[in-house]
Amino acid sequence: MDGRAGGRAARMNGVGGVLLTGGTSARLGVDKATLVLDGETLAARACRQLRAVCETVVEVGPGWTSAPATRETPLGAGPLVALIAGVDALRRTGHDGSLVLLACDLPGIEPVLARLADASPDRVTMPIDEHGRRQYVCARYSPDAILRARELVDAGERSLHRLLVELGPAKVDDVDGFAPGTFADIDVPDDARRAGIDLPR
């Protein structure tokens, strides 16, 4: 199924989107959300890609996109806390269901989003890169997973990895077969250059 068909299915299923733009970008020296690729900032590009497959999209970050923005508390507490901040923001829009979580610094991620859009809303769908690593910040989370994530955050946990451990393999579908480099993120200047991004002087 192509990306457009996946997007139609996602909107019918009511999947939400949570875009993460609030990273510190300490190793890059500039906020990665503001880097420009093909005339778009990475934040705007990721927001557009999420909107193609999600009914409603919110941003967890300082407001780099046109999506409704919120912040995690405390700031910089990590992606598990940011996930719950996004869940709360989606609920304020009327969405209450499964969601796709996406970090803004994955410029080649569009084929993965189509797969996530077509995935079961009742299970966690976790993409695996060519090195066998789970991609926690480009994944679809089920209502059961969201409920457990909130419990973990309330208990002081900050790790998405811990969430997957708690859920166990019976509730998680690992999916692979993506092209090498699909999950290449932008963490350091060399990553930006390989992606064709000119860093500001």
Side-chain angles (χ1 to χ4, degrees), residues 10 13-26 28 31-35 41-106 109 112-113 116-117 119 121-127 134-167 171-172 183 185-187:
N13 292 335
V15 64
V18 174
L19 176 63
L20 304 180
T21 67
T24 62
S25 306
L28 193 62
D31 194 323
K32 64 182 69 176
T34 67
L35 294 177
T41 65
L42 291 186
R45 178 188 181 93
C47 187
R48 172 177 56 79
Q49 291 170 335
L50 263 186
R51 280 177 165 155
V53 298
C54 294
E55 181 180 63
T56 305
V57 174
V58 297
E59 175 188 340
V60 181
W64 292 122
T65 72
S66 59
T70 190
R71 298 306 301 263
E72 74 277 18
T73 303
L75 292 179
L80 184 64
V81 179
L83 168 65
I84 294 304
V87 169
D88 291 340
L90 282 173
R91 286 180 174 171
R92 289 192 290 272
T93 72
H95 174 84
D96 189 9
S98 69
L99 61 85
V100 173
L101 181 69
L102 179 65
C104 70
D105 65 333
L106 297 165
I109 213 65
V112 184
L113 297 178
L116 295 177
D122 300 319
R123 297 177 61 78
V124 173
T125 302
M126 185 62 55
R134 281 176 162 175
Q135 299 297 306
Y136 301 101
V137 292
C138 179
R140 184 165 177 170
Y141 291 88
S142 66
D144 284 349
I146 292 166
L147 178 62
R148 185 60 184 139
R150 188 179 297 279
E151 293 171 346
L152 288 172
V153 167
D154 289 345
E157 182 59 63
R158 297 293 182 261
S159 168
L160 281 170
H161 169 74
R162 183 63 193 174
L163 171 62
L164 272 292
V165 171
E166 292 277 328
L167 293 172
K171 294 185 178 181
V172 180
F183 300 96
D185 57 0
I186 312 297
D187 279 337

Which residues satisfy the side chain to side chain donor-acceptor pair (under 3.5 Å) test with [X], sequence neighbours excluded?
| X | value |
| --- | --- |
| S66 | R51 |
| D96 | R91 |
| Q49 | none |
| E166 | R148, R162 |

Look up atom [atom1] in [X] and atom [atom2] in [Y], then write down how far apart they are to the nearest 0.5 Å.
| X | Y | atom1 | atom2 | result |
| --- | --- | --- | --- | --- |
| K171 | L163 | NZ | CG | 10.5 Å |
| D31 | T21 | CG | OG1 | 7.5 Å |
| L28 | D105 | CG | CG | 9.0 Å |
| L167 | S142 | CG | OG | 6.5 Å |
| T65 | R48 | OG1 | CZ | 13.0 Å |
| Y136 | S159 | OH | OG | 7.0 Å |

Search all heavy atoms of [X] against all heavy atoms of [Y] and return the closest pair with its distance.
| X | Y | answer |
| --- | --- | --- |
| P62 | G22 | CD-CA, 4.2 Å |
| T34 | T41 | O-CG2, 3.8 Å |
| L160 | L101 | CD1-CD2, 3.9 Å |
| A46 | C104 | CB-CA, 3.9 Å |
| A43 | L19 | O-CD2, 3.7 Å |
| Q135 | F183 | CG-CD2, 3.4 Å |

remark   = The side-chain contact (heavy atoms from CB on, under 4.5 Å) partners of A139 (sequence neighbours excluded) come to M126, P127, Y141
key: side chain to side chain contact (heavy atoms under 4.5 Å, CB included) evaluation trace for T56 with L90   = CA-CA 7 Å; T56 305; L90 282 173; 3.9 Å; yes
Just list the side-chain donor-acceptor pairs under 3.5 Å for residues 68-88, sequence neighbours left out, or say none.
unit_1 : atom_1 : unit_2 : atom_2 : d
E72    : OE2    : G76    : N      : 2.9
D88    : OD1    : R150   : NH1    : 3.3
D88    : OD1    : R150   : NH2    : 2.7

key: Any donor-acceptor N/O pair, H95 side chain to G14 backbone, under 3.5 Å   = yes
Residue pair L116, V53: steps toward the side chain to side chain contact (heavy atoms under 4.5 Å, CB included) verdict = CA-CA 9 Å; L116 295 177; V53 298; over 6 Å; no
ask   = Between K32 and D187, does at least one N-O distance fall below 4.0 Å, as a salt bridge requires?
value = yes
ask   = Do V18 and L102 have side chains that get closer than 4.5 Å, going by heavy atoms?
value = no
query = Heavy-atom distance under 4.5 Å between the side chains of V100 and L113, does that happen here?
reply = yes
task = Tell me, with the steps shown, if I109 and C138 meet side chain to side chain contact (heavy atoms under 4.5 Å, CB included).
result = CA-CA 8 Å; I109 213 65; C138 179; 3.3 Å; yes
